[in-house]
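Below: one structure, written as C-alpha cells.
Naming: A, B, ... by sequence-line order, numbering from 1 per chain. Every heavy atom of this structure was used, including side-chain atoms; hydrogens, water molecules and symmetry mates were not.
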Amino acid sequence: MLQLTFIRENKDLTLAGLRKRHFTNADAIIEQVLSLDQKRRDTQRDLDDTLARSNAKAKEIGALMKTGDKAAADAAKAETAELKVRSKDLEEVLRTAEQQLQEVLVTIPNIPHSSVPEGRTPDDNEVVLEHGNKPDLPADAQPHWELVRKYDIIDFELGVKIAGAGFPVYKGKGARIQRALINFFLDEALKAGYVEVQPPIVVNEDSGFGTGQLPDKEGQMYYVTEDKLYLIPTAEVPITNLYRDVILPESQLPVRNVGYTPCFRREAGSWGAHVRGLNRLHQFDKVEIVRIERPDQSYAALEEMSLHVQSLLQKLELPYRVLRLCGGDMGFTSALTYDMEVWSAAQQRWLEVSSVSNFETYQANRLKLRSKLDGKMQLMHTLNGSALALPRILASILENNQTPDGIRIPQALVPYCGFDVID
RNA sequence: AGAGAGAUGGCAGAGUGGUCGAUUGCGUCGGUCUUGAAAACCGAAGACUGUAACAGGUCCGGGGGUUCGAAUCCCUCUCUCUCUGCCA
C-alpha cells in the first residue's frame with residue numbers, strides 16, 4: 001500500500017508511476033484519495049477538539065466530586081451530553097471516511113522504479129542479459145512430459161487419481177532429484193548468508209493482506225473455510241509476515257531468510273496450450289529468499305539476489321536470461337522485478353523459474369514493518385525472490401540433458417542426488 | 001473436544017472507577033567513577049495521529065456497552081496456559 005503522505009506530497013510522481021503501469025483511472029482515483037484524506041483529517045481535528053473538551057469536563061467533575069459540591073458536579077454533567085452526542089457522530093463520520101480511504105488505497109499498485117521500462121505486455125520486457133548456450137538436440141528429442149513417462153519418474157495420471165490435474169506424483173529418481181534440488185538450493189543460500197526458516201504453509205487473512213495477496217488475488221489461493229486459512233501460493237507470504245507489526249532494532253538489519261515450502265495455486269482459468277507437464281501446476285516446491293533492508297540498501301540487495309539466483313542456474317548448467325519487467329507486466333506490489341527464465345530445449349521456449357522483486361515500502365506499510373534509523377522511525381524495504389522454483393528447473397534439466405543413454409545430471413547436483421544419470 | 005485460569009510497555013510483573021501512558025524489577029541507551037571493563041551511583045527512553053512548531057487526540061489482546069470519567073465494571077470474539085480426553 002502506498003503511503004498517504006507520499007501521495008499527498010508527490011501527486012505528480014504518483015500519477016506518472018501509475019501511468020507507466022497502464023493503471024486505468026489513475027487521475028480520478030488519486031483525486032478521490034486526496035479528497036477523502038482531507039475529509040478524514042478535518043473530521044479528525046473536529047473530533048479531537050470535542051474529545052479534548054469532554055476530557056476537561058470530566059476532570060472538572062472529578063474535582064468537584066472530591067470537594068463534595070454535588071450540585072455543581074451535576075450541572076457540569078449536564079453540559080457533557082451535547083459533547084457526547086457530537087463525538088459519537090464525528091466518530092461515525094471518521095470511521096466511514098477511513099474505511100473508504102482504505103478501500104481505495106488497496107486498489108492502487110506500487111509505483112515503478114525509474115529503471116522500469118515502458119511497456120504494456122511481456123513482449124515489452126527488457127532482456128538484461130542472456131547466459132549459456134542453448135543445446136542442439138537431435139530431431140527426435142522429447143519434451144519433458146514424454147521423458148518422465150519414458151523413465152517413469154513422474155506420474156501425472158496417478159496424481160489426478162489422488163488429487164486432481166496439476167498435482168503430479170514424483171517417483172524413484174524423480175522424487176530423489178526433487179529432494180536434491182531443495183537441499184542444493186538451501187545449502188547455496190546458507191553459504192550466501194541466509195538464515196533458514198520453516199514457516200507454516202497455511203496463513204490467516206492478516207498475513208494474506210500483509211504481503212498483498214489479499215484482497216487482490218483472493219481467487220488464486222486455496223482456502224480452508226472451516227478454519228479461515230489460505231494455503232500459501234509462495235513462502236514469501238509466511239516468511240515476510242514473520243516481521244508483521246515488528247519494529248526491528250537497527251542491529252538486526254538486514255534480515256535474510258531462506259525457506260523451502262510447497263506452494264499452492266489455483267490457477268483458475270489459466271489452463272491452456274502452454275501448460276503441459278511441469279509447466280504449470282497446482283502444487284509445486286520452491287525455495288524462497290526474503291530480505292528486509294534499509295531503504296538506501298535495498299537496490300544493492302536486489303542486485304545481489306539476482307546474482308545469487310544466476311549463480312544457481314550457472315551451477316546447474318542451464319542457459320538462462322534475465323528480464324527487467326516493464327510497467328505493464330509487473331506484479332501489483334513490486335517496484336522493480338527481474339524475471340529469470342531458463343531455456344527449455346525440447347519445447348524451444350523460455351520458462352520463468354524465478355522472480356526477484358523489490359517492494360520498497362509497499363508491503364512494509366501494510367505489515368507495519370519499521371525500524372528506527374538515525375532516530376527516525378521509518379518503514380523498511382522488503383524484497384524476495386525464488387531461488388528457485390523446482391518444476392520448470394526440472395523440466396529444463398530433463399530436456400536439455402537428454403541423451404540416447406539417459407538424462408545426465410548436472411555435476412553440482414550429483415552429490416545431492418547420489419546418481420549421475422536417469423536411465 | 002470438556003473444565004478452569006489468564007491476556008498490561010523489549011521481558012517479568014503491579015495496578016480493580018478519577019491527575020494512570022500507567023508503580024517496580026530486569027534488560028537497553030547516555031553520564032560519573034576506571035588505564036579499560038565490571039560493580040555502584042545519576043539520568044534517559046513507547047507507538048500512532050496531528051501541528052509550521054506547540055497544543056490536542058488515540059492506544060493496557062480485538063470489537064461493543066455502562067459512566068461525566070474505564071487498564072479497572074458488563075457483553076462478545078480471538079488467543080494463551082493448566083488439568084482431563086484423543087493423537088504424529
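Atoms CG (A:L51) and C1' (B:G69) sit 13 Å apart, rounded to a whole Å. A:D227 has its CG atom 10 Å from the P atom of B:C79, to the nearest Å. As rounded to whole Å, 10 Å separates atom C1' of B:C68 from atom CG of A:L83. In this structure, NZ of A:K57 is placed 17 Å from C1' of B:U19, rounded to the nearest angstrom. Rounded to whole Å, atom P of B:C77 lies 19 Å from atom CG of A:N204.
In this pair, A:Y222 and A:F167 present their aromatic rings tilted. The plane angle is within the 30 to 60° band.
A cation-pi geometry, defined here as NZ or CZ lying under 6.0 Å from the six-membered ring centre and within 45° of its normal, does not hold between A:K286 and A:Y260.
Interface remark: the A:D48 side chain does not form any donor-acceptor pair with the B:G57 base, using a distance-only criterion of under 3.5 Å.
Residue A:R40 places at least one side-chain N or O under 4.0 Å from the OP1 or OP2 atom of B:G50.
No engagement by A:R53 is indicated, since no non-hydrogen atom pair under 4.0 Å with the nucleic acid exists. Using a 4.0 Å heavy-atom criterion, one finds that A:K372 contacts the sugar-phosphate atoms exclusively.
The side-chain heavy atoms of A:K57 and A:E79, taken from C-beta on, include a pair separated by under 4.5 Å.
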